[in-house]
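Following: one structure in structure tokens, then a few remarks.
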Amino acid sequence: MDIRCEHHDGALVARVGADRIDAAVAIQFKDRMREVMQDSATRVILDLSRVGFLDSSGLGAVVAVMKLLGPDRKLELAALTPTVEKVFRLTRMDGVFTIHANAPASLHHVR
Amino acid sequence: MFPAEPLAVRAAVGKLFDHMPTELLSEDERGTAEIVIAEVLNNIVEHAYAGAPGNIDLTLDPTDTGLNCVITDQGRPMPDGVIPIGVLPTGVGLDQPEGGFGWYMIRALSRDISYNRRPDGNCLTFHLPRRQAAFLAGFPNCIGSMTQ
């Protein structure tokens with residue numbers, strides 16, 4: 001799964017390039033995030049601006065990644081698209097994560 | 001009709017929503033429909049067929065109040081012959097659930113869910129109502145109040 005990383009203000013920003021995190025790719029997402037998380041940053045911001053859809057498997061995978069980070073590091077989410085936001089809100093998991101409206105600017109494409 | 005494999009399901013759902021006329025469902029309603037349908041289909045792949053090959057039939061029928069959905073498969077029956085209650089799993093701190101959300105979301109976003117076991121398989125029907133936004137705003141705490 002395409003997940004690209006950049007450091008921004010000491011945090012690791014991981015931008016997911018896939019347009020869906022669902023049952024078909026939940027394992028690939030977790031595997032790729034395991035690699036990404038080998039970085040030392042305590043704050044990891046998951047940029048989901050390109051992810052148009054996430055199902056319960058995708059949600060579980062994001063939770064699994066949060067747990068893998070451990071108690072001393074933090075997983076935050078950014079730029080949730082409408083359907084993804086709906087899933088987090090419906091399941092009350094939006095209260096579990098810090099959610100940023102936008103991803104850090106340096107990862108945006110030049111328009 | 002499409003095979004019960006994750007990527008085929010995903011392609012079918014994608015195609016379904018790409019070609020759905022925008023007058024039929026608003027963008028928000030499409031998001032809702034996609035969530036419910038994807039969850040139902042995932043359950044069929046994982047539990048009804050449990051990796052065995054088979055097909056899934058999905059029929060969507062627009063009505064005045066929304067979309068009627070009929071999904072059939074030739075897989076194993078639902079455990080105990082009834083739809084799971086779908087209690088929302090919760091956690092504390094880092095101890096958060098990684099699963100069990102599917103039926104909660106299906107029930108929260110649809111109406112009139114009905115499951116029937118037929119001689120050759122399963123049939124699940126449900127209704128996806130229009131104007132979900134107003135409903136979700138007054139989202140109830142107790143899952144029991146939302147079942148038929």
Side-chain angles (χ1 to χ4, degrees), chain A residues 1 18-31 33-34 37 42 44 46 48 50-77 80-99, chain B residues 4-14 17-18 26-47 86-110 132-133 135-137 139-141 143 146:
Chain A
M1 173 172 286
D19 62 354
R20 299 169 81 83
I21 307 178
D22 59 6
V25 295
I27 294 175
Q28 287 94 305
F29 169 78
K30 278 191 274 193
D31 286 347
M33 281 304 292
R34 245 184 234 111
M37 278 156 38
T42 22
V44 176
L46 195 60
L48 296 174
R50 295 200 167 169
V51 181
F53 182 82
L54 171 141
D55 64 8
S56 58
S57 305
L59 176 58
V62 172
V63 172
V65 165
M66 176 192 74
K67 291 179 182 176
L68 282 172
L69 270 180
D72 300 325
R73 299 170 78 188
K74 199 172 171 221
L75 180 69
E76 300 171 16
L77 310 178
L80 269 52
T81 59
T83 302
V84 176
E85 199 264 329
K86 179 177 293 207
V87 170
F88 275 89
R89 188 165 33 94
L90 190 58
T91 58
R92 320 268 169 100
M93 295 304 279
D94 57 343
V96 170
F97 297 92
T98 297
I99 298 179
Chain B
E5 294 143 9
L7 289 172
V9 163
R10 177 204 254 217
V13 172
F17 286 96
D18 284 345
S26 69
E27 196 142 337
D28 177 72
E29 286 157 355
R30 282 161 60 125
T32 296
E34 193 171 2
I35 292 168
V36 177
I37 291 172
E39 294 296 336
V40 169
L41 296 179
N42 286 342
N43 282 340
I44 295 172
V45 169
E46 212 179 301
H47 301 292
V87 175
L88 178 64
T90 57
V92 176
L94 265 190
D95 186 19
Q96 294 295 336
E98 288 177 47
F101 302 107
W103 274 109
Y104 176 78
M105 293 203 289
I106 293 166
R107 283 190 179 281
L109 298 175
S110 67
Q132 279 274 358
F135 165 73
L136 280 178
F139 197 72
N141 284 319
I143 193 69
M146 295 170 59

Check: Does any heavy atom of chain A fall under 4.5 Å from the side chain of B:V13, the backbone, both, or neither of them?
Finding: side chain

Margin query: Test of understanding: with side-chain hydrogen bond (donor to acceptor under 3.5 Å, both in side chains), list the residues that count as partners of B:R30, not counting sequence neighbours.
Written below: none

Item checked: Among the listed options A:K67, A:M93, A:M66, the residue most often paired with chain B at heavy-atom distances under 4.5 Å -> A:K67

Next item on the list: Mind jotting down which residue pairs meet the side-chain hydrogen bond (donor to acceptor under 3.5 Å, both in side chains) criterion with at least one end in residues 52-66 of chain A? Sequence neighbours excluded, please.
Entry: A:D55-B:N42, A:S56-B:E39

Checklist line | Contacting region of A:P82 [heavy-atom separation from chain B under 4.5 Å] | finding: neither

Next item on the list: Working to the nearest 0.5 Å, report the span between CG of B:L41 and CG of A:D22.
Entry: 11.5 Å

Note to self: Does atom CD1 (A:I27) have a neighbourhood of more than 12 heavy atoms from anything else shown, all under 6.0 Å?
What the structure shows: no

Notebook entry, point to check: chain A: which of B:E46, B:E27, B:E98 shares the most heavy-atom pairs with it under 4.5 Å?
Noted result: B:E98

